[in-house]
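Data block below; observations after.
Sequential numbering from 1 along the given sequence is applied to the chain's residues. Order of listing sets the numbers, starting from 1, for every ligand and every atom in it.
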Amino acid sequence: MQLVIMGPPGAGKGTQAKLIAEHYGIPAISTGDMFRAMKTADTPLARQVRAIMESGGYVSDEITNAIVADRLGMSDCDPGFLLDGYPRTLQQVQTLDDFLAETSRPINAVISLLADTDEVVARLLRRAEIEGRSDDNEETIRVRLQVYAEQTAPLLEVYRSRGSLVEVDGLGEVAEVSERIFAALDAHGNRRTAELV
Ligand code: B4P
């Protein structure tokens, strides 16, 4: 099973990705987590990644596509995977399409987590207090939301036109949102199967 989860910063992607991955027995692959792990090293690449993330911008497609290709080649991805925060640009969609075509694996569904701006800003500012993530300050959050609207939101239409998009309300308790996602994925799978019969 190949899944993607998308949504604005703070929509709950990382939170839900772990629960969905556990439910389906597939690894959750978060580009944000991979970059955060990488940026603690003292190398030119790590310094570059750190500066980009602290500005609220996106790491280059070249670097992002290369680390995702490496990760998807690992054997724990053989039964499938859930991509959290990737693809984020049209070029990343193209690279993912090529990878999936080469390995004859379709995307089963793209989950779009919906949450309004006030709620996501409040969540990220709350996380800033708890975890102190350096990109969770008001100025950077504003940039992240703008970059998302310009570069990533258009991807939703791409997946909608392919019939892969599953939209889920991301507001409410974490467990409530997970239940909504599982029900929406079941309904989507059943619809897809009915279309094939
Ligand atoms: P990410 O790590 O993906 O960060 P994010 O968009 O902020 O989402 P995150 O997963 O952290 O938030 P979540 O909604 O889970 O990316 C960080 C940076 O990495 C990017 O800005 C970029 O620079 C770089 N990057 C990553 N992928 C890239 C790519 N493909 N291409 C280029 N650059 C890339 O959680 C937010 C908070 O809400 C948490 O505190 C959580 O506890 C809380 N929360 C979750 N669900 C909730 C609920 N139902 N109710 C209340 N609170 C909730």
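Among protein heavy atoms, atom 19 (O) of ligand 1 sits closest to Met53 CE, 3.3 Å. In terms of protein heavy-atom proximity, atom 16 (O) of ligand 1 is nearest to Arg88 NH2, 3.3 Å. The nearest protein atom to atom 40 (O) of ligand 1, hydrogens excluded, is given as Arg127 CD, 3.3 Å; this is a heavy-atom distance. Nearest protein heavy-atom contact of atom 7 (O) of ligand 1 is Arg144 NH2, 2.4 Å. In this structure, the protein non-hydrogen atom closest to atom 43 (C) of ligand 1 is Arg123 CD, 4.1 Å. Taking atom 23 (O) of ligand 1 as the reference point, the nearest protein heavy-atom neighbour is Gly57 O, 2.6 Å. Shortest contact from atom 6 (O) of ligand 1 to any protein heavy atom: Lys13 NZ, 2.9 Å.
Salt bridge status for Asp135 with Arg127: absent, with no side-chain N to carboxylate O gap under 4.0 Å.
When the shell of 6.0 Å around CD of Glu54 is examined, it contains more than 12 heavy atoms from other residues, nucleotides or ligands.
For atom 32 (C) of ligand 1, the candidate residues are Val59, Ile130, Thr140, Asp61; the nearest heavy-atom contact is made by Val59.
Side chains of Leu19 and Val177 form no contact here, defined as non-hydrogen atoms less than 4.5 Å apart. A 4.5 Å side-chain heavy-atom check between Pro27 and Arg71 finds at least one atom pair inside the cut-off.
Distances shorter than 4.0 angstrom occur between a heavy atom of Thr64 and an atom of ligand 1. Not a single heavy atom of Ser30 lies less than 4.0 angstrom from ligand 1.
The residue Glu131 has no part lying near ligand 1, judged by heavy-atom distances below 4.0 Å. Contacts of Thr15 with ligand 1, taken as heavy-atom pairs under 4.0 Å, involve both backbone and side chain. Contacts with ligand 1 closer than 4.0 Å are made by side-chain heavy atoms of Arg133 only, the backbone lying farther away. At a heavy-atom cutoff of 4.0 Å, ligand 1 is contacted by the backbone of Ala11 but not by its side chain. Looking at Arg36 against ligand 1, only its side chain comes within 4.0 Å, counting heavy atoms. With a heavy-atom cut-off of 4.0 Å, Phe35 touches ligand 1 through its side chain alone.
Glu176 contributes atom CD, which lies 8.5 Å from atom CG of Asp169 (distance to the nearest 0.5 angstrom).
For the residue pair Arg180 and Leu171, the shortest heavy atom distance occurs at NH1-O, 2.8 Å.
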